[in-house]
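By convention in this document, chain letters (A, B, ...) are assigned in the order of the sequence lines, proteins followed by strands, and residues within each chain are numbered from 1. None of these values were measured; they are calculated from a predicted model.
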Amino acid sequence: MLDNNDLLMEMQRRMLRIRRFEERVIQLVERGEIVGAAHSYIGEEAVAVGACLALRDDDWITGNHRSHGHPIAKGGDVNKAMAELLGKSTGFCKGKGGSMHLADFSVGILGESGILGSSIPTAVGAALGSQLQGNDRVAVPFFGDGASNEGAFHESLNLAAIWKLPVVFLCENNQYAVTSSFKKMVASENISDRAAAYNIPGVLVDGQDVIAMYEAVSEAVARARAGEGPALIEGRTYRYFDHSLGLNRIVRDPYREDEEVEHWKQRDPIIIHAKLLLSQGIATQVELDALESEIAAQIDEATEFARQSPYPEPSALFEDMFANPIPLE
Amino acid sequence: MLDNNDLLMEMQRRMLRIRRFEERVIQLVERGEIVGAAHSYIGEEAVAVGACLALRDDDWITGNHRSHGHPIAKGGDVNKAMAELLGKSTGFCKGKGGSMHLADFSVGILGESGILGSSIPTAVGAALGSQLQGNDRVAVPFFGDGASNEGAFHESLNLAAIWKLPVVFLCENNQYAVTSSFKKMVASENISDRAAAYNIPGVLVDGQDVIAMYEAVSEAVARARAGEGPALIEGRTYRYFDHSLGLNRIVRDPYREDEEVEHWKQRDPIIIHAKLLLSQGIATQVELDALESEIAAQIDEATEFARQSPYPEPSALFEDMFANPIPLE
Amino acid sequence: MTQVQTETRDITLTQALNEAMREEMRKDERVFIMGEDIQSGVYGASGGLAAEFGPERVRDCPLSENAFMGAAVGAAAVGMRPIVESAFCFMWVAMDSLVSQAAKMRYMFGGQVNLPIVYRASLYYGGSMAAHHSDRSYPIFMHIPGFKVVFPSNAYDGKGLMKTAIREDDPVLFCEDRTILGSRAFVPEDDYAIPLGVADIKREGSDVTIVAIGGMVPRALDAAETLDREGVSAEVIDPRSLVPLDKQTILDSVAKTGRLVTVDMAHKTCSAASEIAAIVAMEGFWSLQAPVQRLGTVNVHIPFSTALEPLCYPTAESIADAARTTMS
Amino acid sequence: MTQVQTETRDITLTQALNEAMREEMRKDERVFIMGEDIQSGVYGASGGLAAEFGPERVRDCPLSENAFMGAAVGAAAVGMRPIVESAFCFMWVAMDSLVSQAAKMRYMFGGQVNLPIVYRASLYYGGSMAAHHSDRSYPIFMHIPGFKVVFPSNAYDGKGLMKTAIREDDPVLFCEDRTILGSRAFVPEDDYAIPLGVADIKREGSDVTIVAIGGMVPRALDAAETLDREGVSAEVIDPRSLVPLDKQTILDSVAKTGRLVTVDMAHKTCSAASEIAAIVAMEGFWSLQAPVQRLGTVNVHIPFSTALEPLCYPTAESIADAARTTMS
Ligand SMILES: Cc1ncc(C[n+]2csc(CCOP(=O)(O)OP(=O)(O)O)c2C)c(N)n1
Ligand SMILES: Cc1ncc(C[n+]2csc(CCOP(=O)(O)OP(=O)(O)O)c2C)c(N)n1
Ligand SMILES: [Mg+2]
Ligand SMILES: [Mg+2]
């Protein structure tokens with residue numbers, strides 16, 4: 001088992017950073033400081049963190065609508081993330097993207113897509129770039145169980161497979177697409193089974209176990225860097241909250257049992273990993289408490305930063321459409 | 001082995017009808033009587049005939065750009081088919097469809113799509129209709145190896161699988177998409193392997209053996225009628241001519257070896273089946289010769305019918321857009 | 001439509017659409033709905049229908065829009081009458097089924113098949129949903145022959161137009177504008193259908209013609225109020241269907257007023273507003289006394305920030321300004 | 001452009017596009033091509049490039065347009081400069097990658113990324129290819145913000161515009177009209193680029209302005225010849241790029257002639273011709289002395305039969321008629 005203590009602590013740090021960030025987001029949504037649609041990543045932290053810590057800073061990721069966790073896991077700036085959610089000019093995207101379109105190209109985050117499956121080909125293209133440029137940068141598209149039913153999934157896996165591109169397809173199977181269970185919507189038992197159709201490895205991983213995620217992705221990344229082609233990894237996980245914050249107000253029929261939700265909360269990735277850190281003597285309770293306060297301070301600072309930041313000027317409306325601008329009306 | 005002699009003769013009749021029809025089409029293209037793009041089905045006859053003879057008249061099929069064979073195999077009127085290819089008002093589609101859009105709803109031919117993969121969801125929808133209407137009509141979409149790389153393939157197989165729809169997906173793997181070998185373009189070894197991703201049967205069949213095609217499709221159809229859901233059948237076959245008639249003029253580099261073409265011509269489905277009919281004493285050479293002249297007469301008649309038929313009137317231009325017409329400019 | 005104010009039974013556009021679908025599904029068992037999470041009624045108008053009609057006729061679909069929107073074509077071809085619930089932003093992935101099959105099939109097969117399908121397309125603009133979720137791409141479906149394009153601006157029209165759409169034997173693209181889904185109007189309980197291709201004059205006037213679509217209609221009516229106070233009498237026309245388009249009502253109005261403002265929430269270039277402006281420049285030219293004013297969404301994608309998004313769309317104020325310009 | 005006639009080195013538009021790609025690929029190794037069967041050069045303009053640049057830079061793709069057109073976005077985002085060869089009819093299956101990613105990415109991410117991509121889109125109309133293979137849907141890409149839309153009408157413009165397109169740091173939709181791909185014009189061997197947004201006056205005239213696009217330009221020039229014999233002096237303007245559109249050249253011409261005919265091979269409704277008519281009705285209204293004439297493809301899908309297809313498109317004769325109408 002993994003014996004890099006700094007790495008094991010960093011896993012906890014990033015998972016906790018995501019958790020506390022998302023808890024703050026919930027407050028800000030309730031307060032009306034964050035508008036539009038916000039999809040909570042709480043419960044799924046181990047997937048993004050395990051995967052992103054298996055990557056280099058210069059590797060690429062793409063995300064989806066539920067993507068506050070991915071940029072944080074990849075090392076994106078929390079201040080800019082929070083500012084973006086508040087629509088401020090200091091955000092990743094100058095306030096133009098918001099919750100579903102976080103992106104930080106400076107740390108390899110090629111951006112998130114609110115349209116399902118849409119950013120999977122983008123990641124394949126980044127990997128094609130690596131191949132053409134002769135470097136070994138790997139691309140990891142994050143997408144859900146529901147998105148694996150989009151045609152883009154099929155086309156992308158086949159394309160990456162025949163060209164042996166360095167892509168690790170990462171399906172976050174939180175078992176529901178809005179109210180639809182993947183058991184009803186996905187014909188195969190596991191999404192990882194679909195790898196067989198492309199002659200690539202398909203691995204089902206416990207998405208609540210950050211170390212398991214880290215190891216599975218590390219192996220796939222090693223293969224990809226070695227030019228052996230793509231892999232499909234399914235992180236079996238769970239979202240604690242409704243599909244999007246506030247949606248429970250309009251979803252009429254319950255689509256999952258309270259017992260099920262409870263069962264999964266018992267397998268909370270952050271608690272599991274904390275127990276391990278303590279039991280293995282990698283961290284003391286005091287150190288974990290210190291981590292808590294470190295993160296709390298970061299989130300407070302990010303919130304302050306976002307609140308203090310200015311909104312974009314009206315003149316920003318027509319900026320950023322083109323690298324080589326043209327008259328726009 | 002199949003001991004229905006009428007059926008075995010009908011197989012030969014329909015394969016021959018397609019072959020002679022297509023040979024005539026080649027002449028008419030060279031003469032300039034058929035314009036636009038025409039894709040020859042010669043060499044692949046056993047796939048359509050074996051499959052369609054496993055269907056009832058009230059079952060549904062959809063086709064693609066290489067679809068002169070499918071309607072003939074399903075029992076479509078050869079006169080109307082030829083008239084359509086000549087753009088005459090007596091054609092299946094009154095001359096509006098042409099070679100890539102033959103359709104005869106009266107015998108269950110829901111039409112052909114020039115856009116790859118496009119008619120696969122259509123067939124799935126027809127099967128959904130059967131399920132909702134409580135009948136047992138089966139739908140068979142024909143598509144190529146190349147089209148199996150379209151997203152529509154993936155989405156359709158998953159949809160049919162989770163809803164247990166009566167669909168038999170029929171991939172005609174003639175091993176090339178224009179100049180591209182499926183070995184380079186399809187990540188799995190066989191296209192039938194892709195069925196695994198949808199938990200449905202996937203069967204690789206010798207597409208030059210009309211009886212093998214008939215039996216494989218019959219079995220899948222029986223399952224489908226019984227409500228046990230879809231199957232994917234790959235008919236491994238070969239086209240003797242270039243992707244589309246006349247294309248050899250512009251395809252610069254050879255993309256397949258003459259030996260390969262010769263090898264497959266040695267496995268001609270019509271010769272194979274003729275030998276069987278003779279060796280099993282199901283038909284005499286005299287009867288086969290009679291069949292030849294019967295077909296020759298049909299094709300001559302179809303050609304005459306098409307030639308004598310009038311072109312559509314200019315007034316037809318604005319007809320057929322809507323069931324409930326609106327002013328059109 | 002003035003009775004709307006006076007009458008009693010006011011319901012929202014969402015409720016009106018729901019009512020229309022419910023009544024038609026009761027009358028005709030060939031009618032069924034496909035969409036994502038419609039059994040739980042997440043997105044409104046299909047709410048409660050699963051309870052009455054069951055999961056077979058109110059079908060939750062996987063996230064495979066190209067397949068299920070294409071399956072609607074096949075189902076229609078064999079005698080069913082599907083309603084598909086979706087949104088413009090989710091239709092890009094399904095464009096091939098919509099264009100190559102739904103729109104082209106009948107003509108290319110020489111009229112052998114009718115395709116009674118209603119594609120319900122939500123517009124989520126105006127709610128900080130950002131670039132991916134704010135599409136308003138109905139002009140694309142006006143450009144592509146084969147769809148009838150319907151766009152109600154209130155609950156009363158919504159129910160009557162939805163009934164017509166469901167009974168239509170052709171593919172209908174039915175636009176549902178979230179900025180007005182919650183707006184209430186008088187909706188009779190009885191069965192009524194509003195024909196396609198018949199514009200409605202929402203307000204009569206004599207100085208300037210304002211043609212507005214969907215959610216732009218209430219804004220145009222507000223503008224007309226303002227203009228009225230300034231002594232400018234604006235006529236507000238709601239086409240209600242864009243294909244077929246009731247050109248005559250627009251041309252007659254311009255013949256009366258001599259001035260035209262076209263208002264659209266789609267991007268300006270090649271928009272419905274452009275088309276209407278072009279039609280009047282061709283067929284109503286001699287009536288025009290001032291340049292046509294075309295209003296639409298600016299040609300950038302929809303930004304998330306509340307500091308920017310509101311700057312994108314026409315407003316009552318910008319509509320009034322455009323009208324004033326035609327008067328000066 | 002009059003030198004075209006006089007000069008020696010006449011090559012086809014296909015050859016000119018091939019030459020432009022070849023020269024740019026030699027100069028910049030980040031440029032590569034993706035498409036279907038392009039190594040064998042089935043569809044013309046990429047012919048022979050694989051022999052020089054190899055299968056890595058001239059990549060045959062599987063029939064997965066949404067994936068490879070989306071992969072172009074990812075490759076561009078990490079520093080490559082992809083050219084994608086396809087056709088309008090095959091882009092429906094890829095609309096999501098084109099719209100949600102290529103067109104929206106830069107703006108929605110606040111300008112963090114440049115996407116230097118050339119999407120080459122063939123138009124196969126006019127060759128009995130029927131409904132599925134005759135799409136001319138560039139107005140859709142004018143409506144959707146984020147693309148620069150380029151449409152050459154001859155070999156000379158083709159080479160210069162393709163070079164600009166390849167050097168552009170934004171997504172370019174490059175239209176290749178098969179009705180003129182074989183037409184020859186003088187094309188200098190040397191390196192020249194034609195800026196976007198600069199219309200070209202293909203023929204000067206004083207009585208009526210004819211704005212024509214791509215394959216409609218030669219038809220408009222034929223019409224101008226006919227009109228000339230009748231004593232009507234027509235000015236023929238080729239926008240060359242539709243986004244950005246050189247409004248000023250069109251408005252200046254109309255200011256001179258007072259009459260406008262817009263000609264487009266796309267379907268009439270919400271077409272480029274509609275947009276140009278609308279612009280002139282807004283900004284050139286006071287110059288207009290007669291109703292605008294808009295010509296385009298009739299609003300039906302393209303029928304296969306040679307007895308019907310030719311009736312769909314504007315012709316030199318119908319253009320001349322429209323011009324005569326503006327004169328009467
Ligand atoms: C193409 C498309 N269809 C529908 C939607 C609406 N939608 C947004 S998120 C979502 C569910 C996605 O489920 P999944 O992929 O499992 O991701 P999760 O939300 O569970 O993380 C749906 C249907 C969309 N954004 N894009
Ligand atoms: C979506 C789409 N992309 C590209 C084409 C152009 N095209 C027509 S046929 C063809 C090859 C099809 O190969 P396959 O599916 O194997 O069928 P085959 O021609 O071998 O019978 C291609 C690329 C098309 N018609 N549709
Ligand atoms: Mg999910
Ligand atoms: Mg093939």
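- Note on B/Ile162, B/Asn190, B/Asn199, B/Ile200: by heavy-atom pairs under 4.5 Å with chain A, the leading option is B/Ile162.
- Panel note: side chain B/Asp193, backbone A/Ala196; no donor-acceptor pair is recorded below 3.5 Å.
- Looking at every heavy atom in both residues, A/Ser188 comes nearest to B/Ala197 through CB-O, 3.4 Å.
- Annotation: A/Gln133, atom CD; neighbour count of heavy atoms from other residues, nucleotides and ligands within 6.0 Å is above 12.
- Looking at B/Ser192, there are no atoms closer than 4.5 Å to chain A (heavy atoms on both sides), in backbone or side chain.
- Expressed to the nearest 0.5 Å, how far CH2 of B/Trp163 lies from NZ of A/Lys184 amounts to 12.0 Å.
- The shortest heavy-atom contact between A/Asn149 and B/Glu155 is O-CG, 3.3 Å.
- With hydrogens and angles ignored, the 3.5 Å screen pairs no side-chain donor or acceptor of B/His154 with any backbone N or O of A/Ala152.
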